[in-house]
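Every chain is numbered from 1, with letters handed out A, B, ... down the list of sequences.
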Amino acid sequence: MITTSNEDRFRVLDGQYERDILPETGHILKGQKSRYQTDMDSPEAKLLIEQRQALVDNYLQGQETNFLEKMTTRLDEYFYRVFEKSIAARKMVISGSPFAIIALGGYGRKEQCIHSDIDLLILFDKSIPPDVEAFVQELLYPLWDARFEVGYAVRNVNECIKMSFERFDILTTVLDARFICGASLIYSAFMEKFRQQLASKHLKPTLNYLYENGEKRLADFGDSSYLVSPDLKSGFGGLRDYHTLLWYAKIKSNIKFRRDLEYYGFLSHFEYENLEDALTYIWDVRNRLHYISQRKNDTLHFEHQAEVAGLMDCADMSGLPQVEVFLGELHEKMDFLKQIYQITFEDIVSTCRVKKDAVAAQPTKTDGLVVKKRRLCFANTVSILQHPDLLLRIFLESGQTRIPLSVEARRIASEFRHLVDDDVRTDPGCVKIFKRILGLSLWKFNVLNVMLSTGILAQFIPEFLPLVHKIQYNQYHLFPVDKHSIRCVQILNNFKDPGDTMMGTLYNSVFKEIRNKNVLLVAGLLHDIGKSDPAKEHSRRGARIAGPVVDRLGFSPAEKEDILFLIENHLFLAKTATRRDIFDEETAVYTAHKIGKIRLLRMLFLITVADSKATGPKAWNDWTENLIKDLFFKTMSIIKTGELASKKTQRLIEKKKKDVLALLRESWREEEVTRQLSVMSRRYLLYVPPQNIVDHINLFRNLGDREYIWQITKANESDMRTVSICGKDKPGFYSKLSGVFFQNNIDIVGSQAYFLGDSHFLDIFNVRPPQDRLFEKEKWEKAGQDLSMALEEDHYLDSVLEKIPTEVTISSGGRPEPNQVRIDNETSSFFTIIEVLTYDFPGLLFAVTNTLYRAGINVNVAMVTTKVDQVMDVFYVRDIEGDQKIESEEKLNQIKTAIINRLPQIQSKEVMNEKN
Amino acid sequence: MKKIEAIIKPFKLDDVKEALSEIGIYGMTVTEVNGYGRQKGHKEIYRGAEYVVDFVPKIKLEIVVVDDRLDETVETIRSATNSGKIGDGKIFVLPVEQAIRVRTGESGDDAI
């Protein structure tokens with residue numbers, strides 16, 4: 001008997017022969033030199049090796065057809081020669097123990113690739129003579145020495161039949177059994193007995209085996225046609241799919257050859273031709289792979305693909321890389337084998353698994369469609385001619401009822417697909433059906449894939465055709481573009497189900513907020529439509545190609561604009577998340593500005609996730625998910641606040657940039673100013689007047705190595721001073737600055753603080769000048785000295801703290817509002833926003849900012865305004881420790897309390913009077 | 001021989017690669033990693049649900065260099081990734097006992 005793997009091969013032999021004949025055979029099979037040197041001189045084996053070499057050479061030069069059969073014949077001839085010359089064989093025949101040499105498995109099917117296994121059965125009628133040992137030595141040792149992978153078994157008829165029905169892997173090799181030489185009567189008697197037993201009591205279990213084995217294979221190997229390294233034999237889409245059909249046909253109708261598949265009605269003529277075509281191609285690939293690997297190898301590893309493509313000599317007319325043309329063709333053929341398997345699978349199900357009562361045709365709610373044997377079918381072909389929309393409706397019905405199309409229905413849909421013409425494509429009813437089908441494309445039951453394989457999808461959207469079997473050769477893209485696009489739609493639909501993960505919940509809640517799901521799904525289906533031409537930038541090209549499709553699908557101009565935006569920008573979020581600093585607010589502002597609308601952000605987010613997930617594990621993992629999610633949240637809050645990314649903001653900023661350019665025209669080169677402006681934050685550009693920006697740009701230029709530089713200007717109309725300051729960012733600087741002003745009796749009326757890039761700050765203070773105008777210059781110098789001291793000695797200003805009043809009496813009437821501190825931790829993803837509402841008093845800004853600084857908080861942005869005597873201070877702060885917003889509730893409360901405690905009691909004059 | 005392990009911000013990878021190739025260092029191993037140091041994870045609230053990010057996404061680079069290229073390499077990585085901010089990353093240097101090129105069997109400095 002025979003098994004397929006080396007490890008098994010001898011273990012399952014008859015114990016006696018295993019030990020006696022082949023004490024160390026494992027070694028030989030693992031490729032070591034044999035110690036049976038005498039057999040190395042076998043002229044028969046030498047001839048075989050020479051013949052094989054010549055055959056392979058010719059074949060690889062394209063001069064050999066029917067290579068597999070010729071390989072088989074050479075092997076057969078070897079066995080004839082050895083059998084004829086063998087004295088051991090003659091002895092056994094003479095002593096009344098004739099036997100047959102039988103080819104099994106692939107060798108039996110005459111499908112011998114360069115390094116395929118050779119499986120042999122030496123079959124005796126009843127008893128097995130001991131001479132067989134010598135015969136096997138003569139027959140097989142030369143082959144092993146020549147590194148052929150030969151497996152064999154010595155059995156008598158009865159035990160062989162018994163084992164066939166006990167073990168499925170033996171049964172399938174016996175199904176392929178072919179007589180080579182010896183006593184043909186033993187072979188025919190064996191086959192007759194085998195067939196008779198199969199038909200009488202083993203039919204159903206065998207078919208069940210076939211069915212279950214297929215299921216198991218899919219679970220073990222996965223969908224091979226979409227793996228980076230497809231398995232040409234055992235994977236789904238591999239040769240095993242065809243073997244399964246062949247075995248099924250042999251079991252059911254006792255067919256002899258592959259050709260019979262059509263004659264016995266297992267395949268249509270068209271299907272049979274496609275099968276031949278696909279098999280020839282895959283065998284060619286397999287032979288080349290064997291040749292390159294110099295051994296039996298059925299996994300087409302990524303590293304081998306380019307080399308095999310070179311040997312396959314793929315026509316390269318489209319300018320595509322040869323390997324992509326090759327893989328595209330291979331996927332197409334493997335896809336066909338997969339369909340063949342589906343046909344087989346359904347046939348097996350309907351022969352042995354469907355109950356009798358389900359056989360009668362049942363009507364469906366769509367006229368012209370019926371259900372037979374749990375499969376959806378067309379009631380008749382005439383109605384398709386009259387109502388070509390049935391070619392779409394059948395998929396809608398299938399998606400809704402979750403009943404698959406019958407093989408016949410697929411065949412008909414495929415052969416009638418030309419009926420889906422421009423009239424159907426633009427018919428509002430059909431368009432509506434199509435959109436509903438899109439919504440029904442789910443993981444477990446994906447009707448869109450069937451629509452693709454029948455050709456109806458590419459017929460309905462002809463722009464989709466160039467994507468079919470379109471390969472992108474890298475380790476990143478697992479699927480051809482057509483399948484990838486459909487997977488993307490599937491994943492989008494699957495967001496309907498939140499699942500039990502945190503991220504599932506997020507995708508689900510974002511999905512639920514999308515009002516027009518059709519916009520999302522069509523954008524998902526068409527997002528890669530531009531990939532038909534690899535030379536072009538596919539996103540923009542895709543948006544152009546999608547335009548007419550979207551028009552035909554009857555979307556409104558606004559919807560169309562959304563879909564084209566999503567297609568054109570489907571890589572934007574992923575690119576931004578990985579290539580820019582998402583912890584920088586400017587990145588989110590930039591993203592928000594580009595996307596503009598919350599609606600679009602939501603859809604773009606989901607398409608980004610679905611696209612990445614549909615690409616393969618290398619494009620999607622927790623790491624990428626985290627980055628993209630973070631950018632989504634951050635951008636969302638920027639768009640929601642509207643402050644920094646709205647159109648109005650954009651207009652204001654553009655105008656301000658122009659003003660600054662005009663003001664600096666004489667002293668600066670335009671590019672230099674533009675460069676300076678480009679690194680300034682939007683918040684800064686939005687709120688700071690042009691003249692102050694000009695001051696800052698000049699200051700920044702003169703900063704050099706100094707810690708800071710300031711400029712004091714006198715306002716023309718009022719008695720106020722503006723202090724513009726630029727310096728290197730250092731926690732506490734802003735607090736120290738306000739402390740120094742307080743110390744020198746400089747009254748702060750308003751102030752703004754910003755950061756410039758990663759390492760500098762720009763502040764503006766509007767102040768009342770010192771009371772002593774005569775020595776103003778000296779006063780400012782003194783303030784400058786104090787600031788230098790404060791920067792050097794962190795607690796230099798501590799003594800000033802005592803001068804902050806503990807009580808403030810306000811002059812306006814009525815009860816004073818109590819001091820208020822509000823903390824907003826939701827509006828911004830980058831900053832904790834602290835608002836302080838109080839009445840003005842000397843040292844107020846110092847009181848608040850010093851409290852923050854001592855609590856380990858840095859003020860990144862500040863906006864301080866005074867209205868009469870009421871003050872509103874807004875601070876955008878971050879934790880100094882982690883340079884990020886404050887997350888801990890506890891810390892937020894501590895800060896709030898600390899500020900409240902630092903602020904003086906507020907009393908009004910009236911209250912004071914009442915007291916008196 | 002020394003092994004340099006650098007944890008950097010994801011978007012700085014291209015800068016580092018470029019800077020290293022300018023000084024003739026072409027080989028490195030790049031891994032996407034998550035972690036935290038002084039820069040911690042954070043949480044976001046969406047539709048009332050909290051989404052906690054425990055770790056900050058980073059890139060880990062591993063480069064093995066001969067001893068006399070160490071300082072230059074470390075300095076190149078540092079200056080390419082330094083923005084003066086928290087979260088810029090860290091660079092670790094470890095001794096390497098041996099290196100072997102699989103194909104040729106060369107070992108030591110020749111294998112780098």
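Looking at Lys629(A), only its side chain comes within 4.5 Å of chain B, counting heavy atoms on both sides. If you measure heavy-atom distances from Glu826(A) to chain B, the contacts under 4.5 Å come from the side chain alone. In this structure, the portions of Glu881(A) lying under 4.5 Å from any heavy atom of chain B include both its backbone and its side chain. For a residue to count as touching a neighbouring chain, one of its non-hydrogen atoms must lie under 4.5 Å from one of that chain's; by this rule Val33(B) touches chain A with the backbone only. Looking at Ser637(A), there are no atoms closer than 4.5 Å to chain B (heavy atoms on both sides), in backbone or side chain. Only the side chain of Asn621(A) comes within less than 4.5 Å of a heavy atom in chain B; its backbone stays farther off.
Put simply, the side chain of Thr578(A) does not reach to within 4.5 Å of the side chain of Pro10(B), judged on heavy atoms. Side-chain contact between Asp622(A) and Phe55(B) is absent, with no heavy-atom pair separated by less than 4.5 Å. In this structure the side chain of Arg47(B) never reaches within 4.5 angstrom of the side chain of Lys512(A), judged on heavy atoms. For the pair Phe11(B)/Ile582(A), no side-chain contact is recorded, criterion being any heavy-atom separation below 4.5 Å from C-beta on.
The neighbour count for Lys90(B) NZ, taken as heavy atoms of other residues, nucleotides or ligands under 6.0 Å away, does not exceed 12. No more than 12 heavy atoms of other residues, nucleotides or ligands lie within 6.0 Å of CD in Gln294(A), so this atom counts as exposed by the packing criterion.
Residues of residues 601-611 of chain A that come within less than 4.5 angstrom of chain B, heavy atom to heavy atom, are Arg602(A) in numerical order.
Remark: Leu627(A) CG to Lys58(B) NZ distance equals 10.5 Å, nearest 0.5 Å. One finds the CD1 atom of Ile59(B) at 3.5 Å from the CH2 atom of Trp623(A) (value rounded to the nearest 0.5 Å).
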Requested in this report: Decide side chain to side chain contact (heavy atoms under 4.5 Å, CB included) for Tyr46(B) and Leu506(A); before the verdict, give the C-alpha distance in whole Å, the side-chain angles of both, and the deciding distance to 0.1 Å.
Outcome: CA-CA 8 Å; Tyr46(B) 190 81; Leu506(A) 174 64; 3.8 Å; yes

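Minimum interatomic distance between Lys9(B) and Asp581(A) (heavy atoms only, all atoms of both residues): NZ-OD2, 3.4 Å.
Salt-bridge annotation for Arg579(A) and Asp14(B): absent, with no side-chain N of the basic residue lying under 4.0 Å from a carboxylate O of the acidic one.
Between chain B and the options Lys634(A), Arg580(A), Met503(A), Glu513(A), heavy-atom pairs under 4.5 Å are most frequent for Glu513(A).
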